[in-house]
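Everything below concerns the one structure shown next.
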Amino acid sequence: MQGKEKMIDDILQSAKTTAAAMVEEAEAERADAETALRAELEKAKADSDAEAARAADSAYSGLVKLGELEAGKIMLDARQRVVAAVYDGVRARITGAGDAEYLGLMHKLVVEACEDGDEVIPPKGDKRITAAWVKKAATAAKKKLSLGKPEDISGGLILRNSKYDRALTVDEIVADLKERTVADTAKKLGL
C-alpha cells in the first residue's frame, strides 16, 4: 500500500504543482491584461484630455473672434455716428446760415447747375427765394429762369424743366458733399 500511497501522493503533488503553475500563469496573464488595460485607459484619458483641450482652445478662439467681431461692429457704429454728426452739423450750418450766406450758396449752386428755361422751386414758407433773387441768378447765369410754386422741401431749392428736376435741396447738397468727402473726413477725424 505504501507504493499506492506514494503514487497517490505523487499524483496529488503533480496536480498541486500543475495547479500552482496554472494559477501562476493565470495570475501573470491577469497582470499582463491589467497592465495592458491600464495603458489603454491612460492613452484614452490622454487622448480625451487632449481633445478636451483642443475643444476648449477652439471654443476660446471662437469666443475671442466673436468678441473681436462685436467690438468691430461697435467701433464701426461709433465711427458712423461721428461721421453722421459731422454732416448733420453741415446741414445745421446751412439751414441756420444768415440770409446773405444762405442766398449766396443757393445763388452759386443755381448759376452752376441751371439750364435755360428752368423753373426755380423754393421750399414752402421760405421767403428768401423771391422773383427778384431768381432774376439776379438768371442774369448771372445768362439763362432764362422763373420762380415756381413752393413745395415741401427741407431747404434749398429744385431746378425744374420739362425733362427733369435737379434737386439742390439741403439734404441733396449734404449727401453729395458726404459722398465726395466722407473718406477725407474720417481720416481727418482719425477714424
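Positions are given from 1, in the same order as the sequence printed here.
Pairs passing the side chain to side chain donor-acceptor pair (under 3.5 Å) check and including a residue from residues 133-148, sequence neighbours excluded, do not occur.
We find that E40 and K43 are not joined by a salt bridge, their nearest charged nitrogen and carboxylate oxygen being 4.0 Å or further apart. Salt bridge status for D77 with K73: absent, with no side-chain N to carboxylate O gap under 4.0 Å. Here R38 does not pair with E42 in a salt bridge; the nearest charged N to carboxylate O distance is not below 4.0 Å.
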Exercise. Are D171 and R91 close enough, and set up right, to give a salt bridge (Lys or Arg N to Asp or Glu O under 4.0 Å), and what steps lead you there?
Worked result: CA-CA 7 Å; D171 289 340; R91 182 178 290 104; 3.0 Å; yes

Exercise. Between E51 and R54, does a salt bridge (Lys or Arg N to Asp or Glu O under 4.0 Å) hold up when you go through it step by step?
Worked result: CA-CA 5 Å; E51 183 60 32; R54 282 191 295 273; 2.8 Å; yes

For this session: Show your reasoning for whether salt bridge (Lys or Arg N to Asp or Glu O under 4.0 Å) applies to K108 and E112.
Result: CA-CA 6 Å; K108 180 177 185 262; E112 289 174 0; 3.4 Å; yes

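Annotation for R30: atom CZ counts as buried by contact number, over 12 foreign heavy atoms lying within 6.0 Å. Enclosure of atom CZ in R128 by more than 12 non-hydrogen atoms of other residues, nucleotides or ligands within 6.0 angstrom is indicated. The local environment of OH in Y164 is crowded, with over 12 non-hydrogen atoms from other residues, nucleotides or ligands closer than 6.0 Å.
Residues I94 and E101 form no side-chain contact, since every pair of their non-hydrogen atoms from C-beta on lies 4.5 Å or further apart. Contact annotation: the side chain of L157 approaches that of I129 to within less than 4.5 Å [non-hydrogen atoms, C-beta and beyond].
Under the side chain to side chain contact (heavy atoms under 4.5 Å, CB included) criterion, V111 pairs with H107, A140, A141, sequence neighbours left out.
Judged purely by atom type and a 3.5 angstrom limit, D165 has no side-chain atom pairing as donor or acceptor with the backbone of A167. At least one donor-acceptor pair closer than 3.5 Å links the side chain of R166 to the backbone N or O of A113.
Under the 3.5 Å distance criterion, with hydrogens and angles disregarded, no donor-acceptor pair is assigned to the side chains of Y102 and T95.
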